[in-house]
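See structure below.
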Amino acid sequence: QVQLVESGGDLVQAGGSLKLSCAASGIIFTINHMGWYRQAPGKQRELVAAITRTGNTNYTDSVKGRFTISRDNAKNTVYLQMNSLKPEDTAVYYCAAAAEYRRLLNEGVDYWGQGTQVTVSS
């Protein structure tokens with residue numbers, strides 16, 4: 001089993017920044033790739049960003065140029081730096097991990113975190 005624990009969610013004004021963290025523990029050799037999903041009220045969950053073990057990344061179009069995903073393999077932690085936040089970024093952000101990258105990109109996630117709330121006020 002793998003446990004994912006997110007932190008860093010908060011209330012922030014539009015234009016501000018936040019950095020989310022997700023620490024993995026447990027049988028971590030079973031996961032190679034990690035990412036962040038989000039779900040806003042009344043909307044479907046969507047992939048925000050993903051990163052392979054070697055550092056290749058993918059972003060949804062709406063966050064490109066504003067968000068940066070990174071990871072520290074030594075600390076088994078993935079980060080999401082969010083800049084120029086907009087009210088439409090308001091959502092619960094979930095850390096995700098999977099053994100296969102294609103599955104991570106398509107919600108074939110092996111492990112989910114509990115979620116952290118990000119609220120952006122206008």
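What you see is a predicted model, and the numbers here were worked out from it, not measured in a lab.
Using a 4.5 Å heavy-atom threshold, the side chains of Y94 and L4 count as separate. At least one side-chain heavy atom of C95 sits less than 4.5 Å from a side-chain heavy atom of V78. Between M82 and K19 there is no side-chain heavy-atom pair separated by less than 4.5 Å. Between V118 and L18 the shortest side-chain heavy-atom distance falls below 4.5 Å.
The main-chain N or O of A99 is found under 3.5 Å from a side-chain atom of N32 such that the two form a donor-acceptor pair. Judged by distance alone, with hydrogens and angles left aside, the side-chain atoms of T116 form no donor-acceptor pair with the main-chain N or O of Y93 at under 3.5 Å. Distance alone, capped at 3.5 Å, places no donor-acceptor pair between the R38 side chain and the V92 backbone.
Shortest non-hydrogen contact noted between L104 and G35 is CD2-N, 4.0 Å. The shortest heavy-atom contact between V109 and Y111 is CG1-O, 2.8 Å. When all heavy atoms of R71 and N73 are compared, the closest pair comes out as NE-OD1, 2.7 Å. P87 and S122 make their closest contact through CG-CB, 3.8 Å (heavy atoms, listed as atom of the first residue, atom of the second, distance). A pairwise comparison of heavy atoms in L80 and A49 identifies CD1-CB, 4.1 Å as the closest pair. Among all heavy-atom pairs drawn from L47 and T60, the shortest one is O-CB, 3.3 Å.
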- [ ] Could you give me the CA-CA distance, side-chain angles and deciding distance for Q81 and S70, then say whether side chain to side chain contact (heavy atoms under 4.5 Å, CB included) is met?
- [x] CA-CA 8 Å; Q81 177 67 48; S70 61; over 6 Å; no
Task: Test ring-ring contact (aromatic ring centres under 6.0 Å, His included) applied to F67 and W36, step by step - done: CA-CA 11 Å; F67 291 11; W36 293 91; over 10 Å; no
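Side-chain contact, Q117 with T119: a donor N or O sits under 3.5 Å from an acceptor N or O. R45 and Y37 form no side-chain donor-acceptor contact under 3.5 Å, judged by distance and modelled atom types alone. Between E6 and Q114, the side chains place a donor N or O and an acceptor N or O closer than 3.5 Å (distance only, hydrogens not considered). Side-chain atoms of D72 and T77 include no donor-acceptor pair closer than 3.5 Å.
Ionic pairing of D89 and K86 is not present here: no N-O contact between side-chain nitrogen and carboxylate oxygen is shorter than 4.0 angstrom.
With rounding to the nearest 0.5 Å, the separation of CG in L105 from NE2 in H33 is 9.0 Å. Going from atom NZ of K43 over to atom CD of E88 covers 8.0 Å, rounded to the nearest 0.5 Å. Here the OG atom belonging to S84 is positioned 7.0 Å from the CZ atom belonging to R66, to the nearest 0.5 angstrom.
There is a path of hydrophobic side-chain contacts, each under 4.5 Å, that joins V12 to L20. Linking ILVMFWY side-chain heavy atoms closer than 4.5 Å, directly or via other members, places L85 and Y79 in two distinct hydrophobic clusters.
The only option from N106, N56, T52, N58 that meets the side-chain hydrogen bond (donor to acceptor under 3.5 Å, both in side chains) definition with Y101 turns out to be N58.
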